[in-house]
Amino acid sequence: MAERYQPAGIEARWQKRWEDEGAYRVERRPDRPKYYCLEMFPYPSGNLHMGHMRVYSIGDLLARYKTMRGFNVLHPMGWDAFGLPAENAAMARGTHPERWTRENIANMKLQMRALGVSYDWEREIATCDPGYYRWNQWLFLRMHERGLVYRRRTAVNWCPDCETVLANEQVEGGACWRCSNPVVTREIEGWFFRITRYADELLAGCDDLASTWPERVLTMQRNWIGRSYGARIDFALAGREGAVRVFTTRQDTLFGATFMSLAPEHPLVAELSRGTAQEAAVRAFVEKAGRLERSARTAGEIEKEGVFTGAHAVNPLTGAAIPVWAANFVLMEYGTGAVMAVPAHDQRDFEFARKYGLPVAVVVNPPGESLEPATMTAAFEGDGVAVNSGPCNGLPTAAAKERMIALLEERSCGARETNYRLRDWGISRQRYWGTPIPMVHCPACGVVPVPDAELPVVLPLEGVEINQRGGSPLGRIPSFRHRACPQCGGAAERDLDTMDTFVDSSWYFLRYCSPRFEGAPVEAGDAAYWMPVDQYIGGIEHAILHLLYARFFTRVMRDLGLVASAEPFANLLTQGMVCMESYRCAEHGFLGPEEALPGAGGKVCHVCAAPVEVGGRIKMSKSKKNVVSPDEMVRVYGADTTRLFSLFAAPPEKELEWSEEGIEGCQRFLNRIWRLVEGRLEEIRAGVAADAAGAEGAWIDLRKRTHRTTKKVTEDIERFHFNTAISAVMELVNHLYQLEGAAASTAAARGALREAIERLLLLLQPFTPHFAAELWERIGGGGGEARAAAWPGFDPALLREETVEVVVQVNGKVRGRVTVPAAAGEEEVRRAAFADARVRDWVGRGEVRKVVYIPGRLLNVVVAAESPG
RNA sequence: GCGAAAGUGGCGGAAUGGCAGACGCGCUGGACUUAGGAUCCAGUCCCGGAGACGGGGUGGGGGUUCAAGUCCCCCCUUUCGCACCA
């Protein structure tokens, strides 16, 4: 009696063996081609979820496949270990953030091991290790030396709930990316990375990635950088010193500027209104605008409002005095915080002008038209021909823009300027669980860097008190806080903030190359050999933040001579979310699977028995009560089945709908193979693949299918169609079941059977490594373990068919099919086609006008229908 | 509003411009069984037909082509991203 397939024991045994063997340890091997396969490292939240399992399955598949293809594969894993949840946990349960983090890492590592992923654990890193974050500090200091780090006081995004500053990228629709509470604006002093210095290069780099990164991601990055070409223009103030500087992309409409709009926070607003009749009104307006929560302001819902400041500015070209207003829709953080308002050619200005009765002046006419301010119902924002614009009259918009820049530069009241939406990256966080910033504030010397020799500035683990009082918890640890000034030796204080955790993840892929190197973040030879990452895999949610920062850091490190390539990730795969059916009761909200009971005509609520709404394709989440844990799936079905299903159920970039029936299908599939192999074990063991050459009949057919499957699986993996690769293997297995009754009675037949089974297992190795290893061992597979075997090639002679089936169409509709020798030419195919009775019948209904032949595939006969008359 | 992607059976999904629906799930029937929620075999887009076969069919409408799920134009829907960026 053949043994049943029982994954639990098999998987544990192989995992232990791989660990003992150090199976996935990897070293630099200049003689061999490298492949760096990387999945985004997780935040150690405590448990793996399905999303993690999915990425690791994809990464492991590629790592294993490339290993079999002969590449020296780097496949590391680590932990994005700093961050707010650890502090929240500390507050909620009184554990230390470090302990909480370490315990979570330990647990998640066990879960990863149970998945059988081929990581080189010797290279494991955790960003909360001083040995890691010292290089954050080192990089910070190098950037400081190069003017890429600076300190300033600015209005920042402040999350009152997390009590911390957020980067622009961390504000989503006016709310905190982590806690979803509304973000407010606050004045605070902190450190900034001058990412804007690389804006152009980051933008240009997007073009180089066009064929290897998802277009979507590149578009998002381009929009985020948001470069626009235009001019800065200074409008002198009427009757007083000073000027209002604006940025515009429509300098060609300067003659149509009828007023100016300043952001409520603009310093000139208060200054200009001071002492005028407008002062009180302006103050009231600014106060109201400031009170508006950021979320409401950026949500685009608010009515455009403004107030006259009482001052006028002078149009530098026309000399006309125009009123200066404060307006709630002008953003302080873009451009100069002030705009010239051209109501005829900007919809926002148009609405504002109509509302407050400000003049509208047309300076661009649409081609062949003439606009009348009085009758306009909307601004004309398109390109056209300049009018009422002095020296620009008659010029098309593009030429007028150039002309205007020349005029402005001639008169020194403006210049060509490029503007970006991208802001510098504020990295100071008023939190504890992060990288200390290696700076000292000295009352005598100012801000002084910590000398390199003193790195790392270790985050103190003792005596920490974490609460929600605000301010950095580090300030309450005197031994950390007080530090002699490195310059004058006098009493000074350390910087009490920690770095944004996105700093940690901006270069971790480089640290994997030389995880224990003491001389620099990465050893030059290691970086030269391993970089760039050949395949990076992770969630689309990092399309902007992490991926942009990583590209920025890699360029900085290139400029420091640490790496050669500017782009860290040669190929990017953004995998889709994992979704699950959800149940919702109108009365009681979302229900878990056990709370939605089977009832009349569907599911009913376990509380009120009302019919339950069943929704599909919703991302797994606790709040929706539709979470399935990978842990449980591995326990019930085994890691191989769980992984196989996640790769089979959907293409990797699309969302994956988890289904109990689906995973059972995969379990059935593996069981089928198991029984097949166990059932024919004698024949398979007796077979010698080399004998297959003499196979005949059904066995030569099997060989052809085996080699075709090999080709298909190889190509599908290469183009990331993992689901169809699995389908192809399923087809081969189905065919093997067709042969169940046929005894392999000759050496050639046994050879063909053995070849099929060997290849089947090797093709599956990247998908179901334990399963493949186990059966490979049972059949006595040569050359060591399945994982170490070479990926099978295919014999072109076996892919060639002696005969091919050619589809015969008449007027594009299939009317028959003929089997002809593969070498047959068009003439022969034609003859065969016209010999077919059915084809002849259809062709006979009219006159043959044309015949199109696609060699070996299709013959289309175009027949002119006989008109009934 | 702007931008991007996508709409194919009951469901997940296949199809370098060349046989639409591979593979899997579900369902139907059969075999083996004391039994089956195990396993194996067969069937499963719609309409007509016993069948051979015929007709229709990839969100809707046009177009290009011998040939369109695939390319082009317009519309509808969904998802995602950005959201007063001057």
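Computed from a predicted structure; not experimentally measured. To find a chain, count down the sequence lines: A is the first, B the second, and so on, and within it residues start at 1.
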Peer 1: Base, sugar-phosphate, or nothing: which does A:R227 touch, judged by heavy atoms less than 4.0 Å apart?
Peer 2: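 Counting heavy atoms under 4.0 Å across all strands, no contact is made by A:R227.
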Peer 1: Is any N or O donor-acceptor pair between the side chain of A:R857 and the base of B:C19 shorter than 3.5 Å?
Peer 2: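 No, no donor-acceptor pair under 3.5 Å.
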Peer 1: In whole angstrom, what separates A:E541's CD from B:C82's C1'?
Peer 2: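 Going from A:E541 (CD) to B:C82 (C1'), I get 17 Å.
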Peer 1: Of the listed nucleotides (B:C84, B:G13, B:A86), which one gets closest to any side-chain atom of A:K304?
Peer 2: B:C84
Peer 1: Would you mind building the protein contact string for nucleotides 51-58 of chain B? One character per nucleotide, 5' to 3', B for base within reach (heavy atoms under 4.0 Å), S for sugar-phosphate only, - for untouched.
Peer 2: --SSSS--
Peer 1: If I take atom NZ in residue A:K654 and atom P in nucleotide B:C11, what distance separates them, rounded to the nearest angstrom?
Peer 2: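 Value for this atom pair: 13 Å.
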Peer 1: Return the nearest nucleotide to the side chain of A:A649; candidates are B:G12, B:A83, B:G13.
Peer 2: B:G12
Peer 1: With under 30° as parallel and over 60° as perpendicular, where do the rings of A:F380 and A:H345 fit, or are they tilted in between?
Peer 2: perpendicular
Peer 1: Distance check needed: B:C66 P versus A:R830 CZ, whole Å only.
Peer 2: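 Distance check: A:R830 CZ to B:C66 P gives 16 Å.
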Peer 1: In terms of side-chain heavy atoms, does A:Y5 have a donor or acceptor partner in A:Q667 at a distance below 3.5 Å?
Peer 2: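 A:Y5 vs A:Q667: no donor-acceptor pair found between side chains.
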Peer 1: What is the per-nucleotide protein-contact pattern of nucleotides 23-33 of chain B, from the 5' end, where B denotes a base atom under 4.0 Å from a protein heavy atom, S denotes such proximity for sugar-phosphate atoms only, and - denotes neither?
Peer 2: BSSS-------
Peer 1: Using the glycosidic torsion, which applies to B:G56: syn (within 90° of 0) or anti (everything else)?
Peer 2: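 Anti for B:G56; the angle lies over 90° from 0.
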Peer 1: Rounded to whole Å, how long is the line connecting atom CG of A:L858 with atom C1' of B:G18?
Peer 2: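 From A:L858 CG to B:G18 C1': 5 Å.
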Peer 1: Does the distance from a Lys or Arg side-chain N to an Asp or Glu carboxylate O, for A:R250 and A:E381, drop under 4.0 Å?
Peer 2: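 No, this pair does not count.
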Peer 1: Ignoring backbone atoms, test whether A:S228 places a side-chain nitrogen or oxygen under 4.0 Å from the OP1 or OP2 oxygen of B:A86.
Peer 2: yes
Peer 1: Quick one: A:L647 CG to B:G13 P, roughly how many Å, whole number?
Peer 2: 14 Å
Peer 1: Can you see whether A:E660 engages A:Y637 through a side-chain donor-acceptor pair at a distance of less than 3.5 angstrom?
Peer 2: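 Indeed, the side chains of A:E660 and A:Y637 share at least one donor-acceptor pair under 3.5 Å.
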Peer 1: Between A:R222 and B:G81, is there a side-chain N or O to OP1/OP2 distance below 4.0 Å?
Peer 2: no
Peer 1: Give A:N860 one of three labels, base, sugar-phosphate or nothing, depending on what nucleic acid heavy atoms sit under 4.0 Å from its own.
Peer 2: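 Here A:N860 touches the bases of the nucleic acid.
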Peer 1: Using 30° and 60° as the class limits, which term best fits the ring planes of A:H546 and A:H542: parallel, tilted or perpendicular?
Peer 2: perpendicular
Peer 1: Could you tell me whether A:R421 sits above the aromatic face of A:W224, with NZ or CZ closer than 6.0 angstrom to the six-membered ring centre and within 45 degrees of the axis?
Peer 2: yes
Peer 1: Check every atom of B:A22, B:G12, B:C19 against the side chain of A:Q809 and return the nucleotide holding the closest atom.
Peer 2: B:C19
Peer 1: Is the shortest side-chain N/O distance from A:H345 to OP1 or OP2 of B:A86 below 4.0 Å?
Peer 2: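 Looking at the OP1 and OP2 atoms of B:A86, neither is under 4.0 Å from any side-chain N or O of A:H345.
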Peer 1: Checking A:Q221 against A:R551 for the side chain to side chain donor-acceptor pair (under 3.5 Å) test, could you report, in this order, the C-alpha distance in whole Å, the side-chain angles of both residues, the deciding distance, and whether it holds?
Peer 2: CA-CA 11 Å; A:Q221 294 220 346; A:R551 296 181 61 221; 2.7 Å; yes
Peer 1: Measuring only the C1' atom in each nucleotide, how far is B:G36 from B:G30? A whole number of Å is fine.
Peer 2: 15 Å
Peer 1: Has A:R675 got a side-chain N or O lying under 4.0 Å from the OP1 or OP2 atom of B:C40?
Peer 2: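 It does, given that an N or O in the side chain of A:R675 lies less than 4.0 Å from OP1 or OP2 of B:C40.
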Peer 1: Hey, is CZ on A:R857 packed in by over 12 heavy atoms from elsewhere, all under 6.0 Å?
Peer 2: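 Counting neighbours around CZ of A:R857, 12 or fewer heavy atoms of other residues, nucleotides or ligands fall under 6.0 Å, so no.
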Peer 1: So, are A:D836 and A:R840 salt-bridged, with charged N and O less than 4.0 Å apart?
Peer 2: no
Peer 1: Using the six-membered ring of A:F352, assess whether NZ or CZ of A:K304 lies under 6.0 Å from its centre and within 45 degrees of the ring axis.
Peer 2: no
